[in-house]
Amino acid sequence: MSARTTRTRLFAAATVALAALSLTACEGDGLNTGSPKPASSSASADESTGPSDDAKDDTASAGSSGSAGKDDASGSGTGSGSGEGSGSGKNTGGDKESNSGSDSDLPGKCSASDVRITAKNAPRPINHLLLTATNTGSKTCTLPQYPAARFGEAQSVPPVAESSKPQSLTTLASGESGYAGVRLSSGDGSAEGGREVSTLTIPFEDGSIARAELPSGGVHVDNDLTVTYWQTSAANALEY
C-alpha cells in the first residue's frame, strides 16, 4: 500500500469520527432544551400546593375569631377577679358590724341595787316560800342561775333542785319579775337540823347583797331546805 492511500484512509476515518461527535452534541442540546427549567418547576409546585382564595379567607376569619376569643377571655377574667375582691371586702365589714352590735345588745348581770326581793309563804305546797325578784332599774338585766339564799347565820347555801333548771337564764326588763321557790323543811318533820330563822340574805355575783324580809315571826327550816332556779313564772317556781 502506498503512503498516499494510507493518508486517504486516515483522513476518511477522522472525518467519520468528527461527524459522529457532531451528531452526539446536537442530540444533547435538544434534550437539554426540552427539559423543564428548575425555576419553572418550583413555581409550578407552589401554584399546585398553595391555598385557594377561599381557604385564605377561611384562615383569616379563624384568626379573627381566635383574637376575639382571647380578648373575651381576658375581659372575663379581669371582671371576675374584681367582683370577688369587692364582695369579700363587704362581707368582712358586715361580720364585724354584726359582732359588735350583738355584743352591745347583751344585757348585763343583775346586782342587788337593781332588784327588790320579797319572800312570802306559799299557800301550797306546804312549807314552801316564794321569792320574787323585781327589776327596779331602768335597764334589762339577767338574774343568777338561782338564789344563793342564806337563812339566819348559816355558813352554807341550800342545794338547788336540778330538775327545775330552765333552758336559759331569767332576764328581766325594767319592772319585770323573776321567781324562785324554797322548800323550807320536810312536810312530816322527819328531817334533822330544824331551827327558826328571822333573816334572809341573797348575794349576787358582783359581791352585792340583797336582804329580803321574811314573814312575821320568821320561818322554820331543817336539813331538807332546797331552792329552785329562777323562773319566769311563780307557778313554775312552786312545782318543785
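Taking the side-chain hydrogen bond (donor to acceptor under 3.5 Å, both in side chains) definition, one finds that E192 meets it with nothing, sequence neighbours left out. Applying the side-chain hydrogen bond (donor to acceptor under 3.5 Å, both in side chains) criterion to N236, with sequence neighbours excluded, gives S233.
Counting only residues at least two apart or in different chains, side-chain hydrogen bond (donor to acceptor under 3.5 Å, both in side chains) contacts with residues 154-169 comprise E162-Y229. The salt bridge (Lys or Arg N to Asp or Glu O under 4.0 Å) contacts involving residues 196-215 comprise K109-E205, where partners must be two or more places apart or lie in separate chains. For residues 133-154, the pairs satisfying side-chain hydrogen bond (donor to acceptor under 3.5 Å, both in side chains) are T134-S177, T142-T171, with sequence neighbours left out.
With contacts defined as side-chain heavy-atom distances shorter than 4.5 Å, the pair L172/L143 qualifies. Using a 4.5 Å cut-off on side-chain heavy atoms (C-beta onward), D224 and S185 make no contact.
Neither V160 nor Y179 shares a network with the other; the hydrophobic side chains, linked directly or stepwise wherever heavy atoms of I, L, V, M, F, W or Y lie under 4.5 Å apart, form separate groups for each. Placement of L169 and I202 in two distinct hydrophobic clusters is found when ILVMFWY residues are connected by side-chain heavy-atom separations under 4.5 Å, directly or transitively. F204 and V182 fall within the same hydrophobic cluster, defined by Ile, Leu, Val, Met, Phe, Trp and Tyr side-chain heavy atoms under 4.5 Å apart, directly or through other members. Clustering ILVMFWY residues whenever any of their side-chain heavy atoms sit less than 4.5 angstrom apart, transitively, puts L238 in a cluster other than the one holding L225.
Listed for the S113 side chain is no donor-acceptor partner under 3.5 Å among the backbone atoms of S111. With hydrogens and angles ignored, the 3.5 Å screen pairs a side-chain donor or acceptor of S208 with a backbone N or O of A112. The backbone N or O of R183 lies less than 3.5 Å from no partner atom in the side chain of T226, so there is not a single donor-acceptor pair. Remark: side-chain polar atoms of T228 are not paired, donor with acceptor, to backbone N or O of A180 under 3.5 angstrom.
Nearest heavy-atom pair, S198 versus L214, reported as atom, atom and distance to 0.1 Å: C-CD1, 3.5 Å. Closest heavy-atom contact between T170 and G178: CG2-CA, 4.3 Å. S174 and G137 get closest at one heavy-atom pair: OG-O, 2.6 Å. Taking all atoms of both residues into account, the shortest heavy-atom contact from P203 to A148 is CD-O, 3.0 Å. For A119 against P215, the heavy-atom pair with the smallest separation is O-CD, 3.9 Å.
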Under 3.5 Å, sequence neighbours excluded: what are the donor-acceptor pairs made by side chains of residues 124-133?
unit_1: N127; atom_1: ND2; unit_2: S186; atom_2: O; d: 3.4
unit_1: H128; atom_1: ND1; unit_2: I126; atom_2: O; d: 2.9
unit_1: H128; atom_1: NE2; unit_2: Y240; atom_2: O; d: 3.0

Test log, rule side-chain contact (heavy atoms from CB on, under 4.5 Å), inputs V219 and N121
CA-CA 9 Å; V219 294; N121 286 320; 4.3 Å; yes
